[in-house]
Amino acid sequence: MKLKNRLIISLACFTLFFTLVIVAVNLIKSGEKIERSPVILRKTLMFNERLWSKLFPPKNLSLERPSPPKGKLPRVNGRIGLETAPDVANYKIIVESPDKKITLPLSAIYATAKIGYSTEFRCIEGWSEDMQFAGARFSDFLDFYKLGRKSDGTYYNYVGLETPDRKYYVSIDMASMLHPQTLLAYEMNHSELRALNGAPLRLAIPIKYGYKSLKRVGKIIFSDTRPPDYWVEYGYDWYAGL
Amino acid sequence: MTKIVEKHSLIKRCTHWMNVALLCLMIWSGILIYWANDIYIVIPNEFARALNINQRLAEGMAWHFFIMWGFVLNGLVYLAYLVCSGDWRFSNYNKIQKIAYTAVIIMAIWAVLSGLAIYKPVTLGWLTKILGGYEAARFQHFLMMCGFVIFIPIHVIQVLRAGWNNFRSMVAGYEIEK
């Protein structure tokens with residue numbers, strides 16, 4: 001009799017457990033969402049972000065890879081914000097922070113040393129490809145033009161970037177933007193950037209998934225509040241740190 | 001004369017069934033991610049639509065990086081138990097079972113390591129390098145999932161063949177020997 005009770009209780013727990021799992025999954029799926037991601041999943045993504053960025057501030061380099069041959073066409077993925085041809089002749093970069101707004105000509109980007117490397121470009125879809133990037137290191141660019149800092153000398157928390165038509169936009173934490181491999185790139189695979197790879201100027205940030213490497217930089221925003229991010233609005237993780 | 005034998009401890013039963021739920025959710029969300037770049041085995045469009053696994057990359061990732069905590073924590077409890085209790089010798093299993101159950105534990109560890117290698121290939125670049133690089137690690141992670149998908153039906157069939165007494169031992173803990 002004792003054994004029979006034990007069996008009944010065990011089977012009841014077993015059934016209850018799997019029922020609860022199914023109910024919980026469905027409640028999470030159908031419940032409230034933050035930027036199209038169920039609240040608990042979004043909060044876990046944010047928890048993972050805090051954990052990884054605290055434990056491992058973005059210092060490691062994305063490992064050097066064999067350089068693709070000059071002229072090898074880099075894979076193209078995503079054309080949002082690139083539907084029309086870029087106006088290279090009159091290209092301007094707007095730099096905006098809460099206290100000022102300046103406009104730089106494209107030539108401003110050549111003021112600092114040209115930095116280049118070849119590493120893996122990793123797309124959130126799952127594919128990766130060795131790519132070579134060259135351009136101005138973002139931190140050098142900030143130092144040269146005295147940008148990105150508040151009046152007290154500390155950096156803003158976030159950097160936002162937008163295409164000139166504002167159809168594609170990303171935002172990134174300042175620590176990752178100051179990473180030595182974060183470039184405002186004008187060269188890929190040893191050739192001038194092509195339109196679909198973001199000519200005349202794109203972001204290259206190999207310590208994040210590829211969707212953060214915005215093509216055709218029209219505007220750079222510094223802010224202490226997080227600027228919007230295109231794919232995050234579709235339920236993707238904001239940090240995207242690799 | 002029948003004898004009651006205590007076969008599986010409570011902690012082993014709990015971690016086992018917890019793992020069933022967690023592993024299923026990991027495989028399901030993993031397939032949602034894999035769909036976005038199905039290079040090893042192509043998922044036919046009709047098939048993906050019928051199973052409703054298409055266009056759900058963001059959702060798959062959010063679930064994967066949520067359930068992973070449960071999967072790893074539950075696995076650690078189970079491994080700690082195996083080591084501390086001496087159960088890892090699988091004393092009452094036959095040779096084939098011993099091989100299968102040891103293999104599946106190694107696969108789980110490998111799945112976690114290769115998963116970490118593709119989750120953080122810069123932060124944990126050393127791990128990604130040991131496993132042969134980012135692409136290699138992604139393939140290994142996929143392979144481990146395939147291993148689980150093969151293991152599960154074999155395991156279920158074995159249990160069905162062994163019968164009620166065997167299944168009951170993983171639920172209620174005891175087995176009746178005649």
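Heavy atoms only: backbone and side chains are in, while hydrogens, waters and symmetry mates are out. Each chain gets a letter, A, B and so on, in the order its sequence line appears, and its residues count up from 1.
Heavy-atom pairs under 4.5 Å with chain B peak, among A:I28, A:T119, A:I8, A:I207, at A:I28. Per-residue heavy-atom pair counts under 4.5 Å with chain B were compared for A:I124, A:L45, A:I22, A:I9, and the maximum is reached by A:I124. The residue among A:V25, A:I40, A:V21 with the most heavy atom pairs within less than 4.5 Å of chain B is A:V25. Looking only at heavy-atom pairs under 4.5 Å with chain B, the residue among A:P38, A:C123, A:S128 that has the most is A:S128.
Counting all heavy atoms, side chain and backbone alike, B:R13 lies closest to A:S10 at NH1-OG, 4.4 Å. For A:Y234 against B:A58, the heavy-atom pair with the smallest separation is O-CB, 3.7 Å. Scanning all heavy atoms of the two residues, the minimum distance from B:V122 to A:L242 falls at CB-O, 3.6 Å.
In this structure, A:L16 places its CG atom where more than 12 heavy-atom neighbours from other residues, nucleotides or ligands lie under 6.0 Å away. Within 6.0 Å of CD in A:E83 there are more than 12 heavy atoms belonging to other residues, nucleotides or ligands. Enclosure of atom CZ in A:R79 is not indicated, since only 12 or fewer non-hydrogen atoms of other residues, nucleotides or ligands lie within 6.0 angstrom. Taking a 6.0 Å sphere around CZ of B:F167, one finds it holds more than 12 heavy atoms contributed by other residues, nucleotides or ligands. Applying the 6.0 Å contact sphere to NZ of A:K59 captures no more than 12 heavy atoms from other residues, nucleotides or ligands. Enclosure of atom NZ in B:K120 by more than 12 non-hydrogen atoms of other residues, nucleotides or ligands within 6.0 angstrom is indicated.
Of residues 166-191 of chain A, not one residue has a non-hydrogen atom less than 4.5 Å from any non-hydrogen atom of chain B. Scanning residues 130-144 of chain B against chain A with a 4.5 Å non-hydrogen threshold yields B:Y134, B:E135, B:R138, sorted by number.
Of the two parts of A:T44, only the side chain, counted from C-beta on, holds a non-hydrogen atom closer than 4.5 Å to a non-hydrogen atom of chain B. For a residue to count as touching a neighbouring chain, one of its non-hydrogen atoms must lie under 4.5 Å from one of that chain's; by this rule A:L55 does not touch chain B. Heavy-atom distances place no part of A:P58 under 4.5 Å from chain B, backbone and side chain included. Heavy atoms of B:M68 lying under 4.5 Å from chain A belong exclusively to its side chain. Contact of B:I39 with chain A is not made at all, since no heavy-atom distance falls under 4.5 Å. For chain A, no part of B:W126 is nearby; none of its heavy atoms comes within less than 4.5 Å. If you measure heavy-atom distances from A:L63 to chain B, the contacts under 4.5 Å come from the side chain alone. Neither the backbone nor the side chain of B:I67 comes within contact range of chain A, judged by heavy atoms closer than 4.5 Å. Contact annotation for B:L10: neither backbone nor side-chain heavy atoms come within less than 4.5 Å of a heavy atom of chain A. In this structure, chain B has heavy atoms under 4.5 Å from both the backbone and the side chain of A:Y236. Using a 4.5 Å cut-off between heavy atoms, B:Y174 touches chain A through backbone and side chain atoms alike. Proximity to chain B is absent for every atom of A:W231, based on heavy atoms less than 4.5 angstrom apart. Residue A:S37 touches chain B through its side chain alone, counting heavy-atom pairs closer than 4.5 Å.
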Q: Under the side-chain contact (heavy atoms from CB on, under 4.5 Å) rule, what do A:K29 and B:W63 come out as? Steps first, then yes or no, please.
A: CA-CA 10 Å; A:K29 273 161 87 169; B:W63 275 103; 3.9 Å; yes
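The shortest side-chain heavy-atom distance between B:P121 and A:E120 does not fall under the 4.5 Å cut-off. The shortest side-chain heavy-atom distance between B:V20 and A:F17 does not fall under the 4.5 Å cut-off. Counting only heavy atoms from C-beta outward, the side chains of B:T123 and A:W52 approach each other to under 4.5 Å.
Atom NE2 of B:H64 is separated from atom CG of A:L41 by 13.0 Å, given to the nearest 0.5 angstrom. Between the NZ atom of A:K2 and the CD1 atom of B:I4 there is a distance of 11.5 Å, given to the nearest 0.5 Å. Going from atom CE of B:M170 over to atom CZ of A:F14 covers 11.0 Å, rounded to the nearest 0.5 Å.
Contacts of A:F47 classified as side-chain contact (heavy atoms from CB on, under 4.5 Å), with partners at least two apart in sequence or in another chain: A:R50, B:W69. By the ring pair (Phe, Tyr, Trp, His ring centres under 6.0 Å) test, B:W110 pairs with no residue at all, sequence neighbours left out.
Side chain of A:N60 to backbone of B:G125: no donor-acceptor contact under 3.5 angstrom is found. Here the side chain of B:R168 pairs no donor or acceptor atom with the backbone of A:L7 at under 3.5 angstrom. Panel note: side chain B:N37, backbone A:E125; no donor-acceptor pair is recorded below 3.5 Å.
One finds a salt bridge joining B:E6 and A:R6 here, because a Lys/Arg side-chain nitrogen approaches an Asp/Glu carboxylate oxygen to under 4.0 Å.
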